[in-house]
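All figures in this text were calculated on a predicted structure; none of them were measured in a lab. All residue numbers refer to positions in the sequence shown, counting from 1.
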Amino acid sequence: MTQLRTEGYEVVNTYHDSDLVIVNTCGFIDSAVQESLDTIGEALKENGRVIVTGCLGVKDDEIREIHPNVLAVTGPHAYEEVLNQVHEHLPKPEHNPFENLIPDHGVKLTPKHFAYLKISEGCNHRCTFCIIPSMRGDLVSRPIGEVLSEAERLKAAGVKELLVISQDTSAYGVDVKHKMDFWNGMPIKTDMKTLCEKLGEMGMWVRLHYVYPYPSVDKTIPLMAEGKLLPYLDIPFQHASPKILKAMKRPGQAERVLERIQKWRDICPEIVIRSTFIVGFPGETEEDFQMLLDWLDVAQLDRVGCFKYSPVEGLKLMSLVVMFLKKLKKNDTFVSWKNNKQLALLN
Ligand code: SF4
């Protein structure tokens with residue numbers, strides 16, 4: 001959007017006022033796919049000139065089968081391609097090249113007081129319920145100097161709270177083997193702790209999101225105790241049953257997680273922990289589900305989101321389901337999604 005603004009295009013809020021609509025899609029779960037397809041349909045109906053981009057763009061054929069009249073379909077991180085398509089279907093407007101159309105911090109869609117700071121793209125994990133790695137690829141960390149400079153510009157623009165986001169914040173720098181970069185002429189290591197320290201010194205609230213339970217998380221807790229980071233962790237644990245965690249390909253030692261949470265609270269008593277869980281995962285029994293409830297009783301997390309397992313087309317979960325069904329003993333009770341919904345008071 002910043003580039004389009006630089007070129008003189010305007011961003012407007014209604015279909016009616018626009019010459020062209022760009023639909024940024026999500027393909028994370030089937031319901032998100034449906035929502036994306038519905039939105040493309042709405043944009044076509046209301047405006048008619050639509051370019052599709054984002055994760056669902058990898059399924060070009062499927063989109064065109066339902067919506068053959070879209071002007072173009074591009075995939076995730078296809079910034080150049082989106083720009084090319086815009087240029088092709090809506091020629092660049094004329095504007096005075098000496099007039100600066102964008103602020104130093106670029107175009108921001110959030111209110112003035114907070115901003116998202118994206119530190120990496122993609123993910124090296126392969127959780128069996130998640131299609132993100134196959135859509136967005138392996139982890140690619142942004143250079144730390146670039147991230148910190150963006151944070152400085154946001155601070156200068158009046159931002160009070162930075163929300164650090166990525167698919168896996170705790171893995172920051174792993175892909176580049178924590179190599180040295182430069183920021184303000186000084187060498188600086190590409191890793192999560194260094195990033196948090198430097199952000200914490202900028203005088204904004206810094207909130208960490210989407211932290212995988214890696215050991216590196218432990219190093220950020222003292223920074224929270226010192227007031228450099230907000231005492232807040234958004235850390236999806238997903239389940240507590242070792243069997244289900246193993247099937248999800250997630251770290252499986254729920255007991256150890258409880259110990260870690262206790263240690264975090266010892267170091268930073270005011271820490272607020274938010275987490276999310278999936279129920280109704282293929283093979284989950286009443287026993288597994290009860291294990292999760294018992295774990296939550298002990299963990300006493302501050303905020304909990306609970307999602308019904310949603311199958312994702314393209315994931316190799318069916319073989320997993322078959323494997324589980326074979327393994328289920330006669331007296332196991334298969335927890336139906338409907339049953340779980342009642343139990344967890346979902347939705
Ligand atoms: S860590 Fe998160 S983004 Fe990565 S595969 Fe697992 S659920 Fe998906």
Side-chain angles (χ1 to χ4, degrees), residues 1-3 27-28 53-55 57-58 74-83 104-106 108 115-128 130-155 159 162-202 204 206-224 226 228-230 232-236 238 249-251 260:
M1 278 180 59
T2 300
Q3 183 56 33
F28 186 36
T53 188
C55 288
V58 293
T74 70
H77 348 279
Y79 307 113
E80 281 296 320
E81 219 183 317
V82 174
L83 289 174
D104 288 344
H105 57 271
K108 210 161 73 61
Y116 293 101
L117 184 66
K118 186 150 197 176
I119 60 169
S120 63
E121 188 57 85
C123 180
N124 284 348
H125 300 290
R126 294 295 181 265
C127 305
T128 50
C130 178
I131 202 165
I132 284 178
S134 64
M135 287 185 150
R136 306 213 142 219
D138 284 339
L139 177 78
V140 179
S141 300
R142 288 178 65 198
I144 189 165
E146 185 184 300
V147 174
L148 291 171
S149 297
E150 182 179 339
E152 280 183 323
R153 287 196 298 275
L154 290 167
K155 158 91 179 162
V159 166
L162 271 185
L163 292 90
V164 177
I165 54 164
S166 68
Q167 259 86 52
D168 179 6
T169 297
S170 43
Y172 179 65
V174 168
D175 55 314
V176 292
K177 300 192 171 53
H178 303 298
K179 74 172 182 188
M180 298 302 278
D181 191 26
F182 286 89
W183 177 54
N184 290 343
M186 300 289 288
I188 185 165
K189 195 175 170 191
T190 311
D191 78 351
M192 186 194 188
K193 182 166 178 250
T194 312
L195 178 72
C196 290
E197 277 171 350
K198 295 298 172 199
L199 291 176
E201 288 164 8
M202 289 187 187
M204 288 177 279
V206 179
R207 193 183 292 276
L208 300 182
H209 284 266
Y210 319 130
V211 175
Y212 190 86
Y214 261 138
S216 60
V217 181
D218 298 353
K219 294 182 187 162
T220 64
I221 310 299
L223 297 175
M224 295 180 188
E226 289 166 30
K228 289 187 173 170
L229 300 179
L230 285 180
Y232 175 91
L233 262 190
D234 183 333
I235 183 162
Q238 308 296 12
K249 286 202 177 165
R250 301 278 304 181
R260 281 178 81 194

Closest approach of Ser120 to Ser166 (non-hydrogen atoms, all atoms of both residues): OG-CB, 3.2 Å
Side chains of Met224 and Leu208: closer than 4.5 Å at any heavy-atom pair? yes
Ionic contact status for Arg136 with Glu121, cut-off 4.0 Å: yes
Atom of Gly27, atom of Ile131 and distance for their closest heavy-atom approach: O-CG2, 3.4 Å
Tell me whether Ser149 contacts the main-chain N or O of Gly145 through its side chain, where contact means a donor paired with an acceptor under 3.5 Å. yes
Give a yes or no on whether the backbone of Ile144 and the side-chain of Thr190 come within a donor-acceptor separation of less than 3.5 Å. no
For Ser141 against Gly173, the heavy-atom pair lying closest together: OG-N, 2.8 Å
Answer yes or no: is there a side-chain heavy-atom contact under 4.5 Å between Glu197 and Leu223? yes
Considering non-hydrogen atoms only, spot the tightest contact between Cys123 and Gln167 and give its length. CB-CB, 4.1 Å
What distance separates Ser170 OG from Asp191 CG, expressed to the nearest 0.5 Å? 12.0 Å
Leu195 and Met192, any side-chain heavy atoms less than 4.5 Å apart: no
Step by step, work out the salt bridge (charged side-chain N to carboxylate O under 4.0 Å, His left out) result for Lys193 and Asp218. CA-CA 10 Å; Lys193 182 166 178 250; Asp218 298 353; over 6 Å; no
Identify the heavy atoms of Thr53 and Gly75 that sit nearest to each other, and give their distance. OG1-O, 3.4 Å
In Å, rounded to the nearest 0.5 Å, how long is the span from CG of Asp168 to OH of Tyr214? 5.5 Å
Flag the pair Asp138 / Asp175 as yes when at least one side-chain heavy-atom distance between them is below 4.5 Å, and no otherwise. no
With a 4.5 Å limit on heavy-atom distance, are the side chains of Asp234 and Tyr210 in contact? yes
Glu201 CD to Leu199 CG distance, which is reported to the nearest 0.5 Å: 9.5 Å
Glu150 CD to Leu162 CG distance, which is reported to the nearest 0.5 Å: 8.5 Å
Give me the atom names and distance for the closest heavy-atom approach of His178 to Tyr172. CE1-O, 3.5 Å
pair Leu117-Val206: side-chain heavy atoms closer than 4.5 Å: no
Lys219, NZ: over 12 other non-hydrogen atoms inside 6.0 angstrom: no
In this structure, are over 12 heavy atoms from other groups packed under 6.0 Å from Lys179 atom NZ? no
When rounded to the nearest 0.5 Å, the distance separating CG of Leu233 from NE2 of His209 is 10.5 Å
Could you check if a side-chain atom of Lys249 sits within less than 4.5 angstrom of a side-chain atom of His125, using non-hydrogen atoms only? no
Distance in Å, Leu148 CG paired with Arg153 CZ, rounded so as to fall on 0.5 Å steps: 11.0 Å
